[in-house]
Undergrad: 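Below are the structure tokens for one structure; questions will follow.
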2 protein chains.
Amino acid sequence: MTSDTLVPTFAALGDATRWSILVALGERPASASALAERLPVSRQAIAKHLAVLLEVGLVEPVPVGREVRYRALGARLTQTADALAKVGAAWERRLATIKDIAEGL
Amino acid sequence: MTSDTLVPTFAALGDATRWSILVALGERPASASALAERLPVSRQAIAKHLAVLLEVGLVEPVPVGREVRYRALGARLTQTADALAKVGAAWERRLATIKDIAEGL
DNA sequence: GACTGGTGCAACCATGGAGTTGCACATCGC
DNA sequence: GCGATGTGCAACTCCATGGTTGCACCAGTC
């Protein structure tokens, strides 16, 4: 995963309402209308959030009759986590190197 | 890490400029002024970004003489990655369970 | 002591995005 | 066919925030 995909994904995750939606979908797939009953926002607001979550691949639509349920894609989350961990590790490595140089090793 | 700390962290990571700053600091610690020379934004803009990064603990100030350098905290990133991975795994598990039930197992 | 480079603070602007309401449309059940 | 339910689209409001400029201030240096 490059930063071009990483940053929008973080932006999608960095909203409390969107996180609530993801958590709800993580428990059980649901439609926008169903989510609107549980959460303190309108259905349209949720629809917008689902659109951005869909955009970054964190969620997947599952048509059931005339309604559209969404499921949270944990795999994508794990994937993102891996990328993050790699970056973090790289920073620590570089910092350790710099420290070594500074200490004249 | 709870979602109360997770969401602001993602919000902090979900900005292209902020990510650039983090990447730059990941290579080598630097001051706001130094970063402003490399990046296409003003020093004050960078200072603001550093403030939000500091807020969520992704960065650490290191006073050097009269300047304030910042270093990227990879450990915090790794920590966040772990939390993300756990959540992702949980979603996958639940979804598998639901699928099993639906298939009458 | 004067100059210079690095910070910090404040005011200000503009855009984006989260949220709303309203309406039109499709589809399922009676 | 008709009502009810679920979606989608559009316009609009409002606030957070990313960005700027300007100024004041402090600490080294010559």
Side-chain angles (χ1 to χ4, degrees), chain A residues 3-25 27-72 102, chain B residues 3-25 27-72 102:
Chain A
S3 63
D4 289 351
T5 72
L6 226 42
V7 170
T9 301
F10 290 138
L13 291 172
D15 177 88
T17 302
R18 222 135 49 203
W19 185 259
S20 311
I21 292 175
L22 276 175
V23 169
L25 293 182
E27 292 176 12
R28 179 161 47 99
S31 68
S33 299
L35 289 169
E37 288 175 3
R38 279 205 255 173
L39 301 176
V41 287
S42 67
R43 173 186 65 87
Q44 288 78 352
I46 291 184
K48 283 189 190 178
H49 285 305
L50 287 174
V52 347
L53 291 173
L54 181 59
E55 184 88 11
V56 299
L58 279 171
V59 112
E60 185 188 49
V62 182
V64 178
R66 69 175 161 181
E67 66 180 313
V68 181
R69 292 197 190 144
Y70 287 83
R71 52 169 292 226
Chain B
S3 63
D4 288 352
T5 72
L6 225 42
V7 170
T9 302
F10 290 139
L13 291 172
D15 178 87
T17 302
R18 221 135 49 205
W19 185 260
S20 310
I21 292 175
L22 277 175
V23 169
L25 293 182
E27 293 176 12
R28 178 161 49 100
S31 68
S33 299
L35 289 169
E37 289 176 2
R38 278 206 257 172
L39 300 176
V41 287
S42 67
R43 174 186 64 89
Q44 287 78 356
I46 291 183
K48 283 190 190 176
H49 286 305
L50 287 173
V52 346
L53 290 173
L54 180 60
E55 183 89 10
V56 299
L58 279 171
V59 112
E60 188 187 44
V62 182
V64 177
R66 70 175 162 181
E67 66 180 312
V68 181
R69 293 200 189 140
Y70 288 84
R71 51 169 292 227

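Lettering of chains follows the sequences in order, A, B, ..., and the numbering in each one begins at 1.
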Undergrad: Which residue, Val41(A) or Glu37(B), contacts DNA chain C at a nucleotide closer to its 5' end, judged by nearest heavy atom?
TA: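 Result: Glu37(B).
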
Undergrad: Please list, in numerical order, the residues of residues 28-36 of chain B that have a heavy atom closer than 4.0 Å to any atom of DNA chain D.
TA: none

Undergrad: Mapping Val68(A) and Pro40(B) onto DNA chain D by nearest heavy atom, which one lands closer to the 5' end?
TA: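 Final value for this comparison: Val68(A).
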
Undergrad: Counting only heavy atoms not in Glu27(B) (residues, nucleotides, ligands), do more than 12 fall under 6.0 Å from its CD?
TA: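 Atom CD in Glu27(B) is crowded, with more than 12 foreign heavy atoms closer than 6.0 Å.
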
Undergrad: CG of Leu39(A) versus P of dA18(C): gap in Å, rounded?
TA: 15 Å

Undergrad: When the side chains of residues 34-48 of chain A are checked against the rest of the protein, which donor-acceptor pairs come out under 3.5 Å, sequence neighbours left out?
TA:
residue, atom, partner, partner atom, Å
Ser42(A), OG, Ala45(A), N, 3.3

Undergrad: Please give me every residue in residues 51-63 of chain A whose heavy atoms get under 4.0 Å of an atom in DNA chain C, ordered by residue number.
TA: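 Within residues 51-63 of chain A, no residue comes under 4.0 Å of DNA chain C.
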
Undergrad: With sequence neighbours left out, what residues match Glu60(A) under salt bridge (Lys or Arg N to Asp or Glu O under 4.0 Å)?
TA: Arg71(A)

Undergrad: So which of residues 8-22 of chain B are in contact with DNA chain D, with a heavy-atom cut-off of under 4.0 Å?
TA: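 Contacts with DNA chain D under 4.0 Å: Asp15(B), Thr17(B), Arg18(B).
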
Undergrad: Please list every donor-acceptor pair under 3.5 Å in which a side-chain atom of residues 6-19 of chain A meets a protein atom from a residue at least two apart or in another chain.
TA:
residue, atom, partner, partner atom, Å
Thr9(A), OG1, Thr5(A), O, 2.7
Asp15(A), OD2, Thr17(A), N, 3.1
Asp15(A), OD2, Arg18(A), N, 3.0
Arg18(A), NE, Ala12(A), O, 2.9
Arg18(A), NH1, His49(A), ND1, 3.3
Arg18(A), NH2, Ala11(A), O, 3.2

Undergrad: Looking at His49(A), does any N or O in its side chain come under 4.0 Å of the phosphate oxygens OP1/OP2 on dG19(C)?
TA: yes

Undergrad: How many angstroms lie between atom CG of Leu22(B) and atom CG of Leu50(B), to the nearest 0.5 angstrom?
TA: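 Reported value, rounded in 0.5 Å steps: 8.5 Å.
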
Undergrad: Taking any atom under 4.0 angstrom from a heavy atom of chain B, which nucleotides of DNA chain D are the first and last to qualify, 5' to 3'?
TA: dG18(D) to dA27(D)

Undergrad: Minimum heavy-atom separation for Leu54(A) and Pro61(A), please, with both atom names.
TA: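 In this case the closest contact between Leu54(A) and Pro61(A) is CD1-CD, 3.6 Å.
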
Undergrad: Using a 4.0 Å heavy-atom cut-off to protein, can you give one letter per nucleotide of nucleotides 23-30 of chain C, 5' to 3': B if the base is in contact, S if only the sugar-phosphate is, - if neither?
TA: ----BS--

Undergrad: Which pairs, protein N/O on one side and nucleotides 12-14 of chain C N/O on the other, fall under 3.5 Å?
TA:
none

Undergrad: With sequence neighbours left out, what residues match Glu67(B) under salt bridge (Lys or Arg N to Asp or Glu O under 4.0 Å)?
TA: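 Here the qualifying residues are Arg69(B).
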
Undergrad: Taking atom C1' of dG6(C) as reference, at what distance in whole Å does atom OH of Tyr70(B) sit?
TA: 12 Å

